[in-house]
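A note on names: the letters A, B, ... follow the listed sequences, proteins ahead of strands, and every chain is numbered from 1.
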Amino acid sequence: MFGLVDCNNFYVSCERVFQPRLDGQPVVVLSNNDGCIISRSTEAKALGLQMGDPYFQVKPVLEQHQVTVLSSNYALYGDMSRRVMWYLSQVTPEVEIYSIDEAFLDLHGMERFFVQSLDTFARTLRANVLARTGIPTCVGVAPTKTLAKLANRLAKKSPAMGGVCYLDTDERRRWALEQVAVEDIWGIGRQYATKLYSMGITTAADLAGCSEALARKHLGGVVGARLVRELQGFPCQGLAPSEDGTLSRRTLCCSRTFGKPLSDFPDLLGAISAFASRAAEKLRRQGDAAHYMTVFLSKSRYGMEPPPYSCSVVLTLPVATNDTLELLRYARVALKRLWQADSRYTKAGVVLDGLEPAGQTQLTLFEAGPVSEKRIRLMAELDALNRRFGNGTVRLATSMLGRGEQRAPWEGQAQWRTPAYTTRLEDLLLVG
DNA sequence: TCTGGGGTCCTAGGACCC
DNA sequence: TCTGGGGTCCTAGGACCC
């Protein structure tokens, strides 16, 4: 059996932990730059607000219903996520952190420890996560990951289930499949949903009754075949446990839409440098070095300008590295190749790829020397300071602001940002 | 004026090799 | 004049996820 724990309206829930007066109120959290809605409280959903709605479009609705609007605060969400995941890893042997607010649990053999079945286990787990972190969750338990996702959805949709849905029998599985529309299945997006509807397949039960050949033909080959098997109750995906409670990625990206379009080289260099530094930190945090660096610049796709909206340069690094200064040097080279004086860029980013564990590169005599011990120590100290005092406390000169500037030219609005209650000393909540 | 920022996996096709 | 049948590696692009 697999369990799926999913935090309800995660970003809004994180904010509510520190502002209980928001309980029961309509609340939304906006993306970077206060661009679109990325988290909604149940009350906000009831007003018809959708995920991804641009803020400027729904502003009248927000004002009319006095919705609390918050800018996103990733330092807070990341920290709350770590607390939830840490607790889960204490009570189940294997946890796969699937995203900032979701985790799969391996529950094979766990029935033995819970006389009253995994249903009781799930309910206890849910209550404990809430008690220890303040974050409400829903739990789905089923024989496959895809069914656990589906169960979780049902638990979330019908309050009568008390936040837990356990698909332990074939009969319950069949019932569950009938409740869910095909577009709400994990792995069925807009394209596939349209295709399936045109074939008369509208529910999860319909899809579970399809042949493997049909799934293979219309749903992306083996992926589709696996999906159908999983709906039928045959596991095709195992659990990929997250070591030491963190998520390691195969590629890393740091990118932002700017607060306003930028054209000047120094402004863009400042942005790219900041992104490269940040990406380097992520890289060191997961103990890797990168072989490839992609730098991209994008223009607005909403204006008059024709495509292409984005251009990029990929650099193959002579030696895989995670050294900030070295990566900054390459980022500058890439940017020089890309930048065109008369363009108005609205977004940029740095992608690190071809990751391998740091420090395993073999060097021959005539290749560039390895990064010195000194530099490795410097990076470690940089990371330690930033971890201790908050991201961006210590930065390298190229990614710094000009004198007297509050914000870098590329940084956007975050009008309604709440404090970093849990990760910055000066933002600690004072009680008394 | 204002439209997020991350990721994953798979497939097809071309270059190249024996 | 004949013009196989495998492999591998890489890239671009599509679909999906939160």
Summary of protein contacts for nucleotides 2-11 of chain B, nucleotide by nucleotide, where a base hit scores B, a sugar-phosphate-only hit scores S (4.0 Å, heavy atoms): BBBSSSSSSS

Runs of at least three Watson-Crick or G-U pairs with DNA chain B, cut-off 3.5 Å: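 Stems (3+ consecutive pairs) listed as B:5-18 with C:5-18.
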
To the nearest Å, how far apart are [X] [atom1] and [N] [atom2]?
| X | N | atom1 | atom2 | answer |
| --- | --- | --- | --- | --- |
| A:L219 | C:dC16 | CG | C1' | 11 Å |
| A:Q237 | C:dC17 | CD | P | 12 Å |
| A:K145 | C:dC17 | NZ | P | 15 Å |
| A:K195 | C:dA15 | NZ | C1' | 10 Å |
| A:Y98 | C:dC17 | OH | P | 8 Å |
| A:K217 | C:dA15 | NZ | P | 16 Å |
| A:L227 | C:dC16 | CG | P | 11 Å |
| A:L247 | C:dC18 | CG | C1' | 11 Å |

How are the rings of A:Y421 and A:F18 set to each other: parallel, tilted or perpendicular (split at 30° and 60°)?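 A:Y421 and A:F18: parallel rings.
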
Kindly state each residue pair satisfying ring-ring contact (aromatic ring centres under 6.0 Å, His included) with at least one member in residues 26-70 of chain A, sequence neighbours excluded.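 Sorted result for residues 26-70 of chain A: A:Y55-A:W416.
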
Looking at side-chain heavy atoms only, is the closest gap between A:Y197 and A:E183 below 4.5 Å?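 Side-chain contact under 4.5 Å: yes.
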
Determine whether the side chains of A:S99 and A:D101 contain a donor N or O and an acceptor N or O closer than 3.5 Å.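 Side-chain D/A pair, A:S99 to A:D101: present.
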
Hey, are A:Q25 and A:T68 close enough side-chain-wise for a donor-acceptor pair under 3.5 Å?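 The answer is no; no qualifying pair exists.
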
From CA spacing to verdict: ring pair (Phe, Tyr, Trp, His ring centres under 6.0 Å), A:W410, A:F275: CA-CA 11 Å; A:W410 54 272; A:F275 303 156; 5.0 Å; yes

With sugar-phosphate meaning primed atoms plus P, OP1 and OP2, does A:E102 contact a base, only sugar-phosphate, or nothing at under 4.0 Å between heavy atoms?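 Sugar-phosphate contact only.
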
Below 4.0 Å: OP1/OP2 of C:dC18 and any side-chain N or O of A:K149: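 Yes, within the criterion.
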
Mind listing the closest non-hydrogen atom pair of A:I97 and A:T246 along with its distance?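 Taking A:I97 first and A:T246 second, the nearest heavy atoms are CD1-N, 4.1 Å.
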
What do the steps show when you test A:N9 against A:S13 for side chain to side chain donor-acceptor pair (under 3.5 Å), and what is the final call? CA-CA 6 Å; A:N9 316 330; A:S13 295; 5.3 Å; no

Whole-angstrom distance between B:dT3 and C:dC18, as gauged at atom P: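 After rounding to an integer number of Å, I get 24 Å for this pair.
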
Please assess A:F104 against A:W186 for the test ring pair (Phe, Tyr, Trp, His ring centres under 6.0 Å), listing each intermediate value before the final yes or no. CA-CA 14 Å; A:F104 284 102; A:W186 187 41; 5.6 Å; yes

